[in-house]
2 protein chains.
Amino acid sequence: MSDLLRSIREQMPELNPKEQTIAAFITEHPQLVVRLGITELADQSQTSAATVSRFCKNFHAGGFAGLKLQLATELALQPAADSYQDIVAGNTLESIVTAMEANHIRSISDTSRLLDPKQLARALDVLRNAGQIDIYGVATSGVVAQDFYQKLVRIGRRATAFSDPHMQITSASILGEGDTAFAISYSGETPETIDALRCAKERGAATVSLTKYGPNTLSSLADIPLYTSSLEEGMRRGDMASRIAQLHVVDILFTGLVTESFDEYVPKLEQSFQMVKKYRKEKGR
Amino acid sequence: MSDLLRSIREQMPELNPKEQTIAAFITEHPQLVVRLGITELADQSQTSAATVSRFCKNFHAGGFAGLKLQLATELALQPAADSYQDIVAGNTLESIVTAMEANHIRSISDTSRLLDPKQLARALDVLRNAGQIDIYGVATSGVVAQDFYQKLVRIGRRATAFSDPHMQITSASILGEGDTAFAISYSGETPETIDALRCAKERGAATVSLTKYGPNTLSSLADIPLYTSSLEEGMRRGDMASRIAQLHVVDILFTGLVTESFDEYVPKLEQSFQMVKKYRKEKGR
DNA sequence: TCATACACGAAAATCATTTTCTTAGCTACC
DNA sequence: GGTAGCTAAGAAAATGATTTTCGTGTATGA
């Protein structure tokens, strides 16, 4: 049940000339092939039905019907992972919803694919063992920082997230060994965030960065770089998809922390949850 | 290209007895049907091939082959949109990433499906014409509120987002006709947020809510209720997926605003972007 | 140059699908 | 109550698509 289209493409060079024509046609117009009959496909690729039938056998696709079936399922999976949709003037509401859905989904799956389990594990490690966790991020990334901060506090970790650059530096300057600094910036070039992380590093804290994929100042500075998928150029205000991707990573880190120490953290989560409720009840609601 | 399986299920009651058996078999074993011939399917459902063929015609599936094709593509799409994964103790990092990916993607597509274009349009309307926009939300929803706030400010809209309950009420109490209040709460039962929205409503402001789907205090209070998909019970800390879904809606609203008045807002976006850059340069970076 | 092997298409055989024809059961109107 | 008309549904015929067989032509190597 592996990727048929891919294996056709890969094996093309070793194929007979006629089979190459067939392979070429299939890889170039897969969605057409699905609707065609075997004779029509034979015509289109200047061969005979018999050759096409043999071709299918060679790829152990279970005959022509089987090939069409596999193609259909593979194609169905494609569009979801299709290219990012740019958003331009005059779109209808429906198309905005669809485009946004596609972009966000794409952004999440791309980022998942990009995450290196080793770096994730290291990040979890320094987060788990940190005395104090500082989270840096401004503007859009500040929102993500806030979110991470809230999560950490809820499981009883000592964390701070300032969006004020002065406070970031101030906080960074009192970190030390055994502490962890976590810097978020999509571009990886936000000066305020870079300064804060550099300061934290000088103080001996473990440093983690969360930036777009590719070389950038922030990730080169960090001990443990984490990446979100980087968007195509021209993408209108890429920060929407990037922020979703960043939160996705934050969720993974948080969940990683919680599951690693399930027994320790889950009661704390419940506790904080109950406490908010109780406090409200006492106010008479 | 709509959901064939769904339409079969929905139309079942109005079908002939024999057609019902066929429909039942198809909906119960769709992945089997894809591999079966028409006669085999006829045998399995105690009918004749002719009846199955007619059945396919009735559903405008383009014959039995067409039906199989559609089923195949729909089934291929299913697993990705499969049920929410619960996250429990002792998961490996890889499985956490996968589960989180599935949950977030599911959450985004479900929410997209749930959005009512009419309500969206109304929400855009009151946002576009608002003098002042107040955004309410505490804790997790506060992060989303912040995000929305930042976006609105960037296109030059007068907006505020307080996470402090007192400030929320204070701000709400100086709203008036022509203003808009936007309240975010996953449960729709957060007392602070409800209070703020009620206050805004009393002052004559247009009210929009963003809550989970289903009856809740906040959405019943709002002029324009918007919904995110609600998660199954037992889902560990549902607020992760819900926050992604809320941001998804915020992004759609924001994009809707921008595209509706493309020429007005895009220059402002560029402007704010350039200004931040310029300011940094002047500082000598 | 001949033998062998292989690719390929034509046509036959097979198999699946659709259509037509027929029957049985039902309803409504005489 | 009987009969005409309708519908559902299967049997069988017709159609159409796919696979296999078979034969030809071409290339390769002895």
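First the proteins, then the strands, lettered A, B, ... as listed; each starts at 1. Nothing here was measured: the structure is a model prediction, and the numbers come from that model.
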Qualifying salt bridge (charged side-chain N to carboxylate O under 4.0 Å, His left out) pairs with a residue from residues 244-256 of chain A, counting only residues at least two apart or across chains
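The answer is A:K151-A:D251, A:D251-B:R243.
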Applying salt bridge (charged side-chain N to carboxylate O under 4.0 Å, His left out), which residue pairs with at least one partner in residues 58-73 of chain B are found, sequence neighbours left out?
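Checked against salt bridge (charged side-chain N to carboxylate O under 4.0 Å, His left out) - neighbours excluded - no pair reaches residues 58-73 of chain B.
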To the nearest 0.5 Å, what is the distance between CG (B:D110) and OH (B:Y213)?
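It comes to 12.0 Å.
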With sequence neighbours left out, what residues match [X] under side chain to side chain donor-acceptor pair (under 3.5 Å)?
X      : answer
A:T21  : none
A:T111 : none
B:E94  : none
A:S53  : none

All salt bridge (Lys or Arg N to Asp or Glu O under 4.0 Å) counterparts of A:D43, not counting sequence neighbours
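A:D43 satisfies salt bridge (Lys or Arg N to Asp or Glu O under 4.0 Å) with no other residue.
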Counterpart residues, salt bridge (Lys or Arg N to Asp or Glu O under 4.0 Å), relative to A:R113 (two or more places apart):
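With sequence neighbours excluded, A:R113 shows a salt bridge (Lys or Arg N to Asp or Glu O under 4.0 Å) to B:E101, given in chain and number order.
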Does a salt bridge link B:R128 with B:D125, judged by any charged N lying under 4.0 Å from a carboxylate O?
yes
Could you tell me if B:S109 and B:S112 have a donor-acceptor pair between their side chains, going purely by distance under 3.5 Å?
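Side chains of B:S112 and B:S109: no pair found under 3.5 Å.
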Boundaries of the DNA chain C segment in contact with chain B, non-hydrogen, under 4.0 Å:
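The protein-touched segment is C:dT17 to C:dT20.
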Quick one, B:H104 with A:I105, criterion side-chain contact (heavy atoms from CB on, under 4.5 Å). Give me CA distance, side-chain angles, the key distance, then yes/no.
CA-CA 8 Å; B:H104 285 169; A:I105 287 178; over 6 Å; no
If a protein heavy atom is under 4.0 Å from the base, mark B; if only from the sugar-phosphate, S; if neither, -; do that for nucleotides 10-19 of chain D going 5' to 3'.
BB------BB
Just to be sure I understand the geometry, which residues of residues 20-28 of chain B put a non-hydrogen atom under 4.0 Å away from DNA chain D?
none
Rounding to 10 degrees, work out the angle separating the end axes of the helix from C:dT1-D:dA30 to C:dC30-D:dG1 (five pairs an end).
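Comparing the axis at each end, I get an angle of 0°.
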